[in-house]
Q: 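Take this structure first; my questions come after.
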Amino acid sequence: MIYLDHNATTPPHASVLDAMRAAAEQAWANPASVHRPGQRARAFLEQARGELGVLLGLPAREVVLTSGGTEANNLALWHAFAGGRAPGALVTSRLEHPSIVRAAEDLARRGIEVRWATPTEAGQIDAAAIERALAGIDRVALVTLQAVNHETGVLQPVAEVAALAHARGARLVVDAVQAAGRIDPDCWRGGDLVTVASHKMRGPKGIGALAVAPGIKLRPLLLGGEQERGVRPGTQDAALAAGFAVAARRAREGGPGRYARLAGLRDGLEAGLVSLGGELGYEVRVNGTAPRAPHVSNLSFAGWEGAALAAALDLEGVAVSSGSACSAGTARPSPVIAAMLGRERARSAVRISLGEDTTEAEVDMALSAFVRVLRRGSLNA
Ligand SMILES: Cc1ncc(COP(=O)(O)O)c(C=O)c1O
């Protein structure tokens, strides 16, 4: 199987698995226990917090370990609006991951003013869109902006939007889930609350983090013990933390370098698919023409259902996605592409995301699989 769905998740790295196995064997005690076995387990949590602090450019003691990116994003939004009180508006967009969009919709139902910034057709929430969304609001509490879009790979202008948010006295949440370990950290600096997920950077699933600037008081979504300083109660797993620590170190030591070479492979594949579409009479168009992370390509194949195309490619041994992973299985067209370019483009969209170890030979084989599938489709049409 040629796996080209690295934005859904990445395979755990061998060094991550080694660290997890060692921690699971030696540090299975409860990290909250004061005895020495407990302290041994706790050391893995602190190691992860330390690595994440460096990766995210925020103090290690302000890093909260969560169950993943979804929980980290919910926690980030919740801190400003807990209990449905209305300290100011939320500015966000339909390009964000559902863990932001659905949480924002829920806040709107609770009476919070939510403003939706309009994306450009090229796939960005630019500073002008944020300025329009901010216009006429008395008080803004929070702005959200993901660093890299999960569907298109388009880079978002984090620094510019951070300046706009801060000028209005608002805090910025940066979802760096698809950015950490893939692009230069400078591209996603500026957030007051930053979220990441371990499994997108070759760590284990079921663990993520929210890092915040000093002085930000988080509020728990769950009530329970004092773990994670009471913000995220529940017994932590030293083995997950050990794997996350290794993944975070790999991400900051050479992560972006490992991804940079993928731009050439991605561009070649994209050009091949566009010209193949031309030969076979399908219009193939790139979704997300603004500057992108090097490993992602999102394309619409006119006349095709993205979900049907992804299923046919699966049978040919190539794993890609149509829509975001959370919507996969429901064949729901990507809300991101719909917000940028309309429902028809979304319905026929397929996302291809390369990984650290993707080779030129695999990309060539994937292109051949597309040729077989699209040829069959054209005969049936
Ligand atoms: C941009 C973005 N944010 C958040 C998430 C959610 O992360 P997790 O799967 O760890 O809950 C994802 C997952 O696809 C994502 O792509």
Side-chain angles (χ1 to χ4, degrees), residues 3-10 67-74 77 92-109 114 116-125 144-146 148-154 156 175 177-178 195 197 199-200 205 208 273 277 282-289 292-293 295-316 318-353 370 373-374 377:
Y3 183 80
L4 300 182
D5 197 14
H6 289 83
N7 275 18
T9 198
T10 55
S67 63
T70 296
E71 188 188 344
N73 279 340
N74 274 265
L77 260 57
T92 185
S93 88
R94 303 257 172 220
L95 294 196
E96 297 279 332
H97 186 264
S99 53
I100 295 275
V101 171
R102 299 233 170 109
E105 287 170 349
D106 182 61
L107 289 169
R109 279 191 293 273
V114 178
W116 298 93
T118 311
T120 64
E121 286 196 353
Q124 263 192 337
I125 296 296
T144 79
L145 186 68
Q146 57 185 185
V148 170
N149 183 264
H150 48 294
E151 297 284 6
T152 60
V154 166
Q156 305 297 329
D175 175 343
V177 167
Q178 296 286 357
T195 63
H199 72 102
K200 308 283 188 190
K205 286 157 200 63
L273 289 171
Y282 303 113
E283 192 183 19
V284 178
R285 295 170 79 181
V286 176
N287 302 322
T289 47
R292 286 177 292 171
H295 61 295
V296 192
S297 177
N298 194 303
L299 299 153
S300 286
F301 294 77
W304 281 85
E305 291 269 356
L309 185 49
L313 287 163
D314 182 42
L315 294 176
E316 293 286 342
V318 178
V320 298
S321 134
S322 64
S324 64
C326 354
S327 327
T330 65
R332 198 164 73 95
S334 157
V336 168
I337 308 300
M340 286 162 51
L341 296 159
R343 284 192 65 77
E344 202 40 48
R345 278 283 274 276
R347 220 172 51 83
S348 58
V350 163
R351 179 187 72 189
I352 304 165
S353 45
F370 267 100
V373 169
L374 292 180

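Heavy atoms only: backbone and side chains are in, while hydrogens, waters and symmetry mates are out.
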Q: Mind telling me whether F370 and F301 have parallel, tilted or perpendicular rings, with 30° and 60° as the class edges?
A: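 Rings of F301 and F370: parallel, under 30°.
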
Q: What are the two closest non-hydrogen atoms of V296 and R292, and how far apart are they?
A: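 For V296 versus R292, the nearest heavy atoms are O-NH1, 3.4 Å.
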
Q: Grab the two heavy atoms, one from S93 and one from A117, that are nearest each other, plus how far apart they are.
A: CB-O, 3.5 Å

Q: Quick one: pull up CD in Q124 and OG1 in T152 and give me the separation to the nearest 0.5 Å.
A: 9.5 Å

Q: If we ignore hydrogens and angles and just use 3.5 Å, is the side chain of Q156 paired with the main-chain N or O of G123 as donor and acceptor?
A: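 Checking the backbone N and O of G123 against the side chain of Q156, a donor-acceptor pair under 3.5 Å is found.
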
Q: R347: which residues meet the salt bridge (Lys or Arg N to Asp or Glu O under 4.0 Å) condition with it, sequence neighbours left out?
A: E305, E344

Q: Side chains of V336 and R94: does their closest heavy-atom pair fall under 4.5 Å?
A: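 No; the side chains remain at least 4.5 Å from each other.
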
Q: Do I125 and W116 have side-chain heavy atoms sitting under 4.5 Å apart?
A: no

Q: Only one of L273, N298, L299 passes side-chain contact (heavy atoms from CB on, under 4.5 Å) with V286; say which it is.
A: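 Of the listed residues L273, N298, L299, the side-chain contact (heavy atoms from CB on, under 4.5 Å) partner of V286 is L299.
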
Q: For the pair D106 (side chain) and R102 (backbone), establish whether a donor and an acceptor sit closer than 3.5 Å, ignoring hydrogens and angles.
A: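 Side chain of D106 to backbone of R102, a donor-acceptor pair under 3.5 Å: no, none is there.
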
Q: K200 side chain to A8 main-chain N or O, any donor-acceptor pair under 3.5 Å?
A: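 Yes, the answer is positive, given that a donor and an acceptor are paired below the 3.5 Å cut-off.
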
Q: How close do A293 and V148 get, counting heavy atoms only, and between which atoms?
A: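 Closest approach of A293 to V148: CB-CG1, 4.1 Å.
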
Q: Does V101 reach the side chain of E105, with side-chain heavy atoms less than 4.5 Å apart?
A: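 Touching, per the 4.5 Å side-chain cut-off.
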
Q: If you measure from CD on Q146 to OG1 on T92, what distance do you get to the nearest 0.5 Å?
A: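 Result: 8.5 Å between the selected atoms.
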
Q: Without swapping roles, check the side chain of N149 against the backbone of V154 for a donor-acceptor pair under 3.5 Å.
A: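 Pair absent, no side-chain N/O of N149 close to backbone of V154.
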
Q: Looking at NZ of K205 and OG1 of T9, how far apart are the two atoms once the value is rounded to the nearest 0.5 Å?
A: 3.5 Å

Q: So which heavy atom on A346 is nearest to which on A338, and how close?
A: CB-N, 3.6 Å

Q: Distance check, rounded to the nearest 0.5 Å: D175 atom CG versus L95 atom CG?
A: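 The CG atom of D175 sits 12.0 Å away from the CG atom of L95.
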
Q: Measuring from M340:CE to S334:OG, what's the distance to the nearest 0.5 Å?
A: 8.5 Å

Q: Ignoring hydrogens and angles, tell me if any N or O in the side chain of S300 forms a donor-acceptor pair with the backbone of A302 under 3.5 Å.
A: no

Q: Quick one: pull up CG in N287 and OG in S348 and give me the separation to the nearest 0.5 Å.
A: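 Output value for this atom pair is 7.5 Å.
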
Q: Applying salt bridge (Lys or Arg N to Asp or Glu O under 4.0 Å), name anything that partners E121, two or more places apart in sequence or on another chain.
A: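 Not a single residue meets the salt bridge (Lys or Arg N to Asp or Glu O under 4.0 Å) criterion with E121.
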
Q: Kindly say whether S353 contributes a backbone atom to a donor-acceptor pair with the side chain of H6 at under 3.5 angstrom?
A: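 Answer holds: yes.
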
Q: Which pair of non-hydrogen atoms, one from N73 and one from S99, has the smallest distance, and what is that distance?
A: ND2-OG, 3.0 Å

Q: Please step through side-chain contact (heavy atoms from CB on, under 4.5 Å) for the pair L309 and L374, ending with a clear verdict.
A: CA-CA 8 Å; L309 185 49; L374 292 180; 4.1 Å; yes

Q: Before giving the answer on side-chain contact (heavy atoms from CB on, under 4.5 Å), spell out for N7 and R351 the whole-Å C-alpha distance, their side-chain angles and the decisive distance to 0.1 Å.
A: CA-CA 9 Å; N7 275 18; R351 179 187 72 189; 3.5 Å; yes

Q: Tell me the closest heavy-atom pair linking A103 and N74, and the distance in Å.
A: CB-OD1, 3.7 Å

Q: Please check: side-chain N/O of Y3 versus main-chain N/O of D5, any donor-acceptor pairing under 3.5 Å?
A: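 Yes, the answer is positive, given that a donor and an acceptor are paired below the 3.5 Å cut-off.
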
